[in-house]
Amino acid sequence: MLRVRFAPSPTGYLHIGSARTFIFNWLYARRNGGTMILRIDDTDVERNTQESLDSIFEGLKWLDLNWDEFYRQSERGELHQKAAKAILDQGLAYRDFVPDTFKDVDLNEVDIHAKFNPVMRNMSKEESDLRANGGEPFVLRFKVPRESRKEVTFQDLVYGPQSKATEDIEDFALLRSSGAPTYHMASCADDADLRISHVIRGQDHLSNTFKHVLIFEALGVTPPNFAHLPLLIAPDGSKLSKRKHGPVVSVTTYRDAGFLPQAFVNFVCLLGWSPKDDREKMTRQELVDVFSLEGVNRSNATINFTEQDPFDPKAVWLNAEHIRTMPQDDLAAQLLPFLPQADAAKVRQLVPLIQERIRLLSDVKTATDFFFQENPYDPALLIPQKGDAGMAGRALEEARKILGDVTEFNHAGLDPALRAGAERLKIKAGQMFQPIRVAVCGRKDAPPLFETLEVLGRETCLLRIDHALEQLAVTKNQTT
RNA sequence: GGCGCUAUCGUCUAACGGUUAGGACGGAGCCCUCUCAAGGCUCAAAUACGGGUUCGAUUCCCGUUAGCGCUACCA
């Protein structure tokens, strides 16, 4: 039975790298009919926050990623204690009563061979028990078997065969002096207990895995399969941090900026993984169908953002691709929160006009602002290419007549009528359309004219054309 | 410092010994066009460096350099 888990520690908001780890686990589970487990690794009570926990749930909810089982490490303390005791009882761990040995040691100076205290490591069971029973505080350390065994090895599903000399592994802590388990202890005990079959996590744990293998063996279970994921890093090569890189590393920032969850997932999957067939835009189902650990590569991926432009251009492009290809009703529903002044029916009307013109959902606000208000503009914009104010005026007069008279106020009625008007004035269609467009939209870049006029409605259009004619007159008087 | 991992266009990536080193984003240009988009076409842009192995290395091996990670009673 395939079982995977995502095990965040609630010490920060859900960040993009964690989100990707969840997604890869989720895809792997869904692809292979496995079980997805969400486990909150909250053993570090000092640093845990409720906010952070909320942020994790909020992010996962937005991404619409579900899980089949849920656990909290803090509720499983008994299991961790039992596991630590079992290791100690077998003589595979020892109590360290002077736990601050390395407190003031510069790690750059110290040699690994000094990284355990031989007095503590070799203390007799009797003395150790006696001092523990006497209430003396201690850290429980794993007694790395450097004599009986030369190296620790495991097979990583992404990085291949891994090995490390036991000489190079320090006697790491299992239990703190408070009695609380360390991450290594709790994580392995839980993974064993929950029968996790595949541990898929960030590459920052690759070298920790040797310790984990040791723990699993001490626990008498065969270690799970491991798959480590390359890290996501910032353009300056450093790892993503909120302090250094700001809100761009937080999942909810993408949500609030108008990303579609499916586009975000799509983008993040392309960081460190490839379907190998040049496909880029993929639906969630396509991702599930094709995902495999073999497609994961080994080098860190840079998320390409700058201070001016906080989102990777490819993420934005993918978002636009998803927007363009989604059903119009779905898009309307997604857009609604970004247009507080509009009702659902109005948004539904606007969708066809802007679907292929926005890249982020939030773009809809500026893309459609003139449907809700008349924007100020420079009257000079009314003047068409290779034309003058006179031409603009004639075009607008003609347009006003046509828009007032035409029976079908839609593309079918407007298109031939306005083109015919241009012909009468002996100007090009484009020269006819530009003054109208600017008059009604307040700018040159806008959705197709006839559809725009239709949605705006006859009355508004006539009003705005009148207004444009007034402005034109004013400018004329000023120049003459 | 020690140990581990990594190294293809600016960025994401493909090429599991033989390709004019492919695709995408972004950039430049052209076309289409009622503007803006979208779409189509074209161009610029990479195998970190040095040694091997091989008839032949992006690909395998070694070294150098660089980056990242671990080296906590943080995860």
Side-chain angles (χ1 to χ4, degrees), chain A residues 7-12 41-44 46-47 96 99-100 102-103 106-113 115 137-141 156 159-160 162-165 167-170 172-184 186-187 201-211 228 230-231 233 235 237-239 267 270-281 294 297-305 312-318 320 324 354-359 367 384-385 415 418-419 422 428-434 436-438 441 443-450:
Chain A
S9 55
T11 55
D41 277 10
D42 51 357
T43 51
D44 185 7
E46 303 283 303
R47 301 200 308 156
D96 182 351
D100 281 341
F102 307 114
K103 196 180 168 194
D106 183 348
L107 292 169
N108 288 328
E109 300 298 319
V110 87
D111 188 284
I112 181 67
H113 301 292
K115 287 188 175 173
F138 62 88
V139 165
L140 188 71
R141 291 188 183 280
D156 191 275
Y159 287 88
Q162 303 292 315
S163 78
K164 186 164 184 165
E167 276 288 294
D168 294 323
I169 305 174
E170 73 284 0
F172 53 94
L174 260 19
L175 251 30
R176 309 173 219 219
S177 51
S178 67
T182 61
Y183 161 75
H184 302 302
S187 174
R201 75 223 308 187
Q203 192 239 43
D204 46 346
H205 284 300
L206 191 60
S207 19
N208 283 332
T209 305
F210 299 103
K211 298 170 197 165
H228 287 88
L231 265 20
I233 58 176
S238 68
K239 97 181 195 187
F267 169 65
L270 261 16
L271 261 17
W273 172 82
S274 152
K276 310 281 185 192
D277 60 2
D278 288 346
R279 258 191 303 172
E280 306 251 287
K281 194 220 147 201
E294 287 75 56
N297 53 31
R298 290 181 281 273
S299 49
N300 292 346
T302 305
I303 300 184
N304 200 6
F305 62 83
D312 191 309
K314 195 155 199 168
V316 175
W317 170 77
L318 267 173
R324 280 197 284 275
I354 47 90
Q355 183 163 27
E356 62 180 33
R357 272 166 258 273
I358 58 173
R359 300 185 306 162
Q385 286 284 306
D415 185 338
L418 286 170
R419 284 181 197 279
K428 289 183 178 166
Q431 293 175 312
M432 178 82 186
F433 297 158
Q434 181 179 324
I436 305 173
R437 171 175 295 110
V438 172
C441 303
R443 59 167 175 260
K444 285 159 99 174
D445 52 320
L449 187 59
F450 313 123

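Convention: sequence-line order gives letters A, B, ...; per-chain numbering from 1. All values below were derived from every heavy atom in this structure, side-chain atoms included, with hydrogens, water molecules and symmetry-related copies excluded.
- When the P atom of B/G69 is taken as reference, atom CG of A/Leu206 falls 13 Å away, rounded to whole Å.
- For B/A24, the OP1/OP2 oxygens have no side-chain nitrogen or oxygen of A/Lys314 closer than 4.0 Å.
- Of the C1' atoms belonging to B/A15 and B/C73, the separation is 49 Å, rounded to the nearest Å.
- B/G26 and B/G40 have their P atoms separated by 13 Å, given to the nearest Å.
- In terms of heavy atoms, A/Ala422 sits closest to A/Ala429 at CB-CA, 4.1 Å.
- Using bins of under 30°, 30° to 60° and over 60° for the plane-to-plane angle, the ring pair A/Phe433/A/Phe450 lands in the perpendicular bin.
- Salt-bridge formation is detected for the pair A/Glu170/A/Lys211: a Lys NZ or Arg NE/NH1/NH2 atom is positioned less than 4.0 Å from an Asp or Glu carboxylate oxygen.
- Considering only side-chain N and O atoms, A/Arg201 lies nowhere under 4.0 angstrom from the phosphate OP1 or OP2 of B/G69.
- Distances shown here put a side-chain N or O of A/Arg419 below 4.0 Å from the OP1 or OP2 atom of B/C34.
- Between the P atoms of B/A44 and B/A7, the separation comes to 28 Å (whole Å).
- The side chain of A/Ser299 contributes no N or O atom lying less than 4.0 Å from OP1 or OP2 of B/G67.
- A/His228 comes within 4.0 angstrom of nothing in the nucleic acid, heavy atoms only.
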